Structure formats: structure tokens, C-alpha cells
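Heads up: numbering here begins at 1 and tracks the sequence. Everything numeric in this text was worked out from a predicted model, so none of it was measured. Both counts, for ligands and for their atoms, begin at 1 and track the order of listing. Just so you know, these numbers use all the heavy atoms, side chains as well, and skip hydrogens, waters and symmetry mates.
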Amino acid sequence: MSVAARVVITGGAGFIGSHVVERFLGEGHHVLVVDNCSTGRLENLTHVRRDPRLAVEVADVTDAEAMSRLVGRDDWIIHLAALADIVPSIQRPLDYFHANVTGTTVMLETARQAGAARFVYAASSSCYGIPDVYPTPETAAIRPQYPYAAAKYLAEQVLFHWGQVYRLPAVSLRLFNVYGPRSRTSGAYGAVFGVFLAQKLAGKPMTVVGSGAQTRDFVFVSDVAEAVLGAARSTLHGEALNVGSGAPQSINRLVELLGGSVVHLPKRPGEPDCTWAAIGKIRQALGWEPRTPFERGVRIMLEAIHHWDGAPVWTPETIAEATKEWFACLT
Ligand code: UDP
């Protein structure tokens with residue numbers, strides 16, 4: 001596969017996107033970042049901004065006209081741009097369907113019209129809901145439980161439809177709990193790492209949900225970037241691949257590694273006690289391996305803790321308020 005292929009990375013100014021950008025630049029590719037900067041931040045690209053092979057366009061993936069001006073023949077499209085987080089997706093479902101389903105459809109149609117060479121889509125493990133099978137394979141039942149999960153999954157279906165009808169080479173990566181430097185620090189109550197690190201930095205107790213014995217398949221962001229690169233270089237077509245560590249960790253283990261006091265919150269209705277990716281398929285298809293042990297990943301996060309300076313410090317009270325509508329949907 002030619003190193004000269006240009007790579008269009010939507011959402012390239014976001015947390016995961018900025019690591020993916022770095023990885024492709026490191027391989028010698030020309031990269032065009034397309035980001036509307038609604039949640040992405042150009043500062044996430046500070047360390048690569050002088051690279052002459054990097055271009056950045058502030059534009060929205062739902063803007064078909066703008067996209068058609070940006071995407072060219074033989075480009076590889078890495079489509080990461082999306083609205084994230086559960087709670088706002090319950091409050092504003094239309095925004096989520098617009099950004100995540102229509103946005104993906106616009107990118108697919110743009111890719112088809114332009115004659116793009118590959119399309120890699122970042123899907124979410126939230127499509128599995130509360131799984132029956134652990135570790136959870138790609139063939140498991142699909143049970144989205146909130147609009148974010150439903151929209152991410154529907155967009156995957158659209159991806160495969162474009163792949164089938166127009167023969168656009170399409171791969172979907174179902175990302176488990178991605179963590180790493182530059183994960184988002186502000187906005188909605190969300191991913192546990194940001195919540196705990198901001199609390200630790202402020203000298204406040206970490207808000208452990210339930211007993212803390214629940215486990216998550218945390219996968220380090222540089223391993224995810226490697227999976228994206230592998231998928232883009234592959235000849236896979238019409239496949240969904242789990243991207244996880246395959247080694248779930250409990251919240252109590254995370255607390256132990258971070259160090260600090262805790263306060264317990266009520267268990268969340270409808271949340272899985274465990275997420276655990278079956279990663280045999282991606283291992284086989286891409287020769288991909290998760291390379292960052294949890295302990296090392298957490299150490300890297302602790303070294304970067306000052307990133308969470310000024311981030312919202314959630315308390316049991318503000319969390320109860322922020323999750324009211326979410327829990328009402330699930331009980
Ligand atoms: N969690 C927690 N305290 C928090 C936020 C999250 O103990 O303040 C736990 C939560 O119960 C879950 C895990 O951390 O088991 C991961 O939560 P997150 O929202 O990051 O991801 P998801 O639940 O969507 O997998």
C-alpha cells in the first residue's frame with residue numbers, strides 16, 4: 001500500500017483523532033484533519049502543527065458541499081467525528097442522529113462520489129448493551145440502550161450499506177473504553193478517567209459507582225491509533241472489529257492505581273457489570289495486539305494529570321443532578 005495515500009481524518013482534533021493523526025503522520029502520510037471544533041480542540045494538534053504534511057479544515061461533516069470540496073480520489077477516509085457521551089444524547093437525540101448518522105452518511109456519499117480508496121469508521125462497543133456473552137464477540141446481539149449507542153450503530157449499518165451497494169471498502173472498529181492523554185476535560189459528565197483525575201487533582205474523593213467491582217475493557221489510545229492504521233492499510237471490506245484490551249479491569253483496581261480517597265454512588269440502572277472485548281478477530285485480521293498494559297497506561301495518565309487542571313470536579317450531588325434524566329430512561 002502506497003505511503004503517499006492522503007488520509008482525511010474527521011474528528012482529527014478530538015482526543016482519539018489527535019492520536020490517530022500523529023500515527024499517520026509518523027508513517028509519512030499527508031493528513032487532512034476535518035473537524036468542526038465543537039468538542040475537538042486545535043490545541044490537541046499543537047505537537048504536530050508544524051508538520052508540513054498536516055492540513056486542518058474547520059468544517060462540519062454534515063455539510064455535504066464543504067465535504068465534497070475536501071475529499072479527493074484515492075483518499076483514505078478515517079471517520080471519527082461524532083458527538084459523544086450518553087447524557088446529552090438522551091437530552092438532544094436529534095443532534096446525535098444528525099451528527100452521527102447523517103454526518104456518517106454524508107461522508108460515505110462524499111467518499112463514493114470522490115472515488116475514495118478506503119473508509120474506516122469508529123463505532124462503539126455500546127452497541128452490545130448488557131451482553132450475554134463474555135468476552136463479547138462481534139456476532140453478539142446488538143442492544144443499544146441510549147441514542148448515542150443507537151446512532152453509532154445505525155451509522156455502522158449505513159457504512160456497510162454503502163460498502164455493499166457501491167463497493168466502497170469499509171471497515172468498522174467497535175471501540176471499547178478508550179483512555180489516554182488528551183481525553184476530554186470539560187463538558188458533560190462522562191468517561192471515568194477524566195472524572196477521577198480531576199477529582200484527585202482537586203483533592204476530592206473519587207466517586208465510585210456501586211461497589212467498584214464492575215469491570216471495563218479499557219484500551220489505551222495509542223493502541224487504538226494502531227488499530228485504525230492497520231484497518232486503513234488492510235483489504236478488509238464490510239467487517240466490524242472489536243478494539244479492546246481483552247483484559248477487563250475493575251474500577252476498584254483503577255482507584256488503587258490512581259491512589260486517593262473514595263466516595264460511593266448508587267449503582268447505575270442498566271449499566272453492564274462487565275465489558276470485555278473478544279479480540280480474536282482483529283488479531284487475526286490485522287495482526288493487531290493491545291500493547292499497553294493497564295498499569296503503564298494509568299501511569300502515563302498520572303504523569304499527565306495537570307491536563308485536568310481547571311476541568312470540572314464532579315461531586316456526588318452534581319453527578320446526581322447530571323444523571324437524573326439518564327437514569328429515568330433506564331429504570
Ligand atoms: N464510574 C465510576 N464513577 C464515575 C464514573 C464512572 O465509578 O464517576 C464507573 C462506571 O460505573 C463504569 C466505569 O466507571 O463502570 C466506566 O464508566 P464510563 O462512563 O467511563 O464508561 P461506560 O460506563 O460507558 O463504559
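Under the rule for a side chain to side chain donor-acceptor pair (under 3.5 Å), the partners of R112 that lie at least two apart in sequence or sit in another chain are E109. Partners of V133 according to the side-chain contact (heavy atoms from CB on, under 4.5 Å) rule, which considers only residues two or more places apart in sequence or in another chain, are P137.
Proximity of the aromatic rings of F193 and F218 is defined here by a centroid distance below 6.0 angstrom, and this criterion is met.
A distance limit of 4.0 angstrom between heavy atoms and ligand 1 selects the residues N177, Y189, A191, V192, V195, F196, T207, V208, V209, Q214, R216, I251, R268, E271.
Residue pairs meeting the side-chain hydrogen bond (donor to acceptor under 3.5 Å, both in side chains) criterion with at least one partner in residues 84-97, sequence neighbours excluded, are D85-R184, Q91-E325, R92-D95.
Checked against L54 for a side-chain contact (heavy atoms from CB on, under 4.5 Å), the options V33, I9, L32 give a single hit: V33.
Under the 3.5 Å distance criterion, with hydrogens and angles disregarded, no donor-acceptor pair is assigned to the side chains of S222 and H19.
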